[in-house]
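Have a look at the structure below before the remarks.
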Amino acid sequence: MATDYDLVVVGATGAGVATAKKAIASGKKVALVQQTPHPLQDQQALALEKVLLYLTTQPQPLEIAPWVKKAIAPDDFYEPLARLAEAGVDVIPELGNFVWRPHTAFVTETRRLQGKNYAIATGSSWTAPPQDHFLLPTDLLNADIWSTLPENIVIVGQDPHGLTLAYCIAKLGKTVTLIGKKRLFPTEDPECVQRLQTFLEVAGIALHFELLPEMLTQENSVVIWAEQWRGLTTQLNLPPDFCRPSGMFLQVNPDLQTPRNNIYGVGSVLGGYALPALAIAEATTLVANIFQRRKLPCAYGEIPYRLFAPLPFDHVGAQGQHLPPDTKILSKTLTWDRVDQLQFPQDITIKLWLDGQNKILGATIVGDRTGKLIYHCRDLISTQKPFQTWDNLLENAGLLAEIVW
């Protein structure tokens, strides 16, 4: 059966749901192909981080499994799909791929979906660990795993979420070794890098940048393998020019457009962040460009989608030798309130580079787990808005109520 849609969204990720929601609100005919037996797993991972960070503030010891089970109950993550269906989105719980002849379509097990436009939002996944008994970070979504974790935890990888896991697991009473690569801590701002490393060491985490075989064979230990992300694109039957081969991330231009003019990409399948605020910004830009012909530049139009890994450290705008001679630097460290449980570290550091007219040229941000400040600074840089006050910056980023001065 063939059905025509204004937009076919491929992937039940946070970005996919946000895109479908924006499109159906614009009065368009929309389909969302689930494309996974585990919808919204990226949101489950964020929920896990949130509950773990909350538990680190509670008296120890405590039983972790009930908290995790409550935080990521599978039924909770089908509710957004049910709401989309109620709003008129055709939610299809199947797998599928593109066919290109005689006409472009997305074909699932029971449907042939022909769209005027397509949005790929399939997200990312972890590469397989080298040994079967190693855990992946997604295994920690299983509440029963927590009661089986031994005393020693070894986390291997360069992914930023490994920093959060290492911190939380150490604060919850385990002995943690974090083995990362140098790019885990970018060298563009040594002051902020040193602060982040010190924070981890104070939390009791043994930090190494070289993986030795004996580290993976310690007694009474388990290895969590977080070595590399890959874009979930290999099952979509895409032409070679759609993806970057090393990580199979989708290639898009500043309008989020792939090499085909009616196929777009949103979310971490682009190789960037899986954060709700940024997914909503992408969805808004995409839907406005397609259906309202407004041609809004994406938040990452002037500035590459992902300059430096990892979270919670981010660098946006011009840096180093690209700065004019009249550049001045402002820096501020602020503490998260308990209004938001996503803090990591326990405070947030902002470092701004301003020109002679106080326009923001660049920013270093440590600890912004929501992405709100990262997104806002990118907007200020691209629009050349001047810095006014710290209160003004935080209020317009939607963070002022969550900060304690």
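The basis for the numbers below is simple: all heavy atoms, side chains too, and nothing from hydrogens, waters or symmetry mates.
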Beyond-backbone contact of L352 with W390, side-chain heavy atoms, under 4.5 angstrom: yes
So does G356 get a backbone contact from the side chain of D326, meaning a donor-acceptor N/O pair under 3.5 Å? yes
Who are the ring-ring contact (aromatic ring centres under 6.0 Å, His included) partners of F106, not counting sequence neighbours? F98
Check whether any side-chain heavy atom of L216 lies under 4.5 Å from a side-chain heavy atom of V156, and answer yes or no. yes
Is the closest side-chain heavy-atom distance between D139 and L136 below 4.5 Å? yes
Could you give the distance from CD (Q114) to OG1 (T104), rounded to the nearest 0.5 Å? 9.0 Å
For Y167, the option from L178, L52, L53 that meets side-chain contact (heavy atoms from CB on, under 4.5 Å): L53
Measure across I205 and A170 and return the closest heavy-atom pair with its distance rounded to 0.1 Å. CG1-CB, 3.8 Å
Is any side-chain heavy atom of R112 less than 4.5 Å from a side-chain heavy atom of V99? yes
What is the minimum heavy-atom distance between A20 and L84, and which atoms define it? CB-CD1, 4.1 Å
Any donor and acceptor pair, going by atom type alone, linking the side chain of S26 with main-chain N or O of K28 inside 3.5 Å? no
Residue pair L40 / P80, side-chain heavy-atom distance below 4.5 Å: yes
Only counting residues at least two apart or in another chain, list the ones meeting ring-ring contact (aromatic ring centres under 6.0 Å, His included) with W146. none
Please give me the minimum heavy-atom distance between F134 and P129, naming the atom from each residue. CB-CB, 3.7 Å
Without swapping roles, check the side chain of D42 against the backbone of T13 for a donor-acceptor pair under 3.5 Å. no
For G265 and L250, which heavy atoms make the closest approach, and how far apart are they? CA-CD2, 3.6 Å
Strictly distance-based, threshold 3.5 Å: is any side-chain N or O of Q35 a donor or acceptor partner for the main-chain N or O of G96? yes
Below 4.5 Å, heavy atoms only, C-beta onward: do H38 and L141 meet side chain to side chain? no
Under the 3.5 angstrom rule, does the side chain of T36 hit a backbone N or O of P39 as a donor-acceptor pair? no
Could you check whether any side-chain heavy atom of F249 comes within less than 4.5 Å of a side-chain heavy atom of L270, counting everything from C-beta outward? no
Please identify each residue that fulfils salt bridge (Lys or Arg N to Asp or Glu O under 4.0 Å) with K174, with sequence neighbours left out. none
To the nearest 0.5 Å, how far apart are CZ in R111 and CD in E94? 7.5 Å
Heavy-atom side-chain proximity of I64 to L62 below 4.5 angstrom: yes
If only atom types and distance count, is the side chain of T233 paired as donor or acceptor with the main-chain N or O of M248 below 3.5 Å? yes
Closest non-hydrogen atom pair between R230 and S246, with its separation: NH1-O, 3.4 Å
The side-chain contact (heavy atoms from CB on, under 4.5 Å) partner of L256 among I290, V266, T19, I120 is V266
Keeping Q197 on the side-chain end and Q194 on the backbone end, is there a donor-acceptor pair under 3.5 Å? no
Counting only N and O atoms by type, is there a donor-acceptor contact under 3.5 Å from the side chain of Q60 to the main-chain atoms of L55? yes
Once you round to the nearest 0.5 Å, how far does OG1 of T138 lie from CH2 of W126? 8.5 Å
Hey, is the main chain of I263 close enough, under 3.5 Å, to the side chain of T258 for a donor-acceptor pair? yes
To the nearest 0.5 Å, tell me how far I329 CD1 sits from T364 OG1. 9.0 Å
Any side-chain to backbone donor/acceptor pair from T327 onto W353? Under 3.5 Å, distance only. no
Contact summary for E282 and G267, nearest pair of heavy atoms: OE1-N, 2.8 Å
Is it true that K116 and D6 have a side-chain N and a carboxylate O under 4.0 angstrom from each other? yes
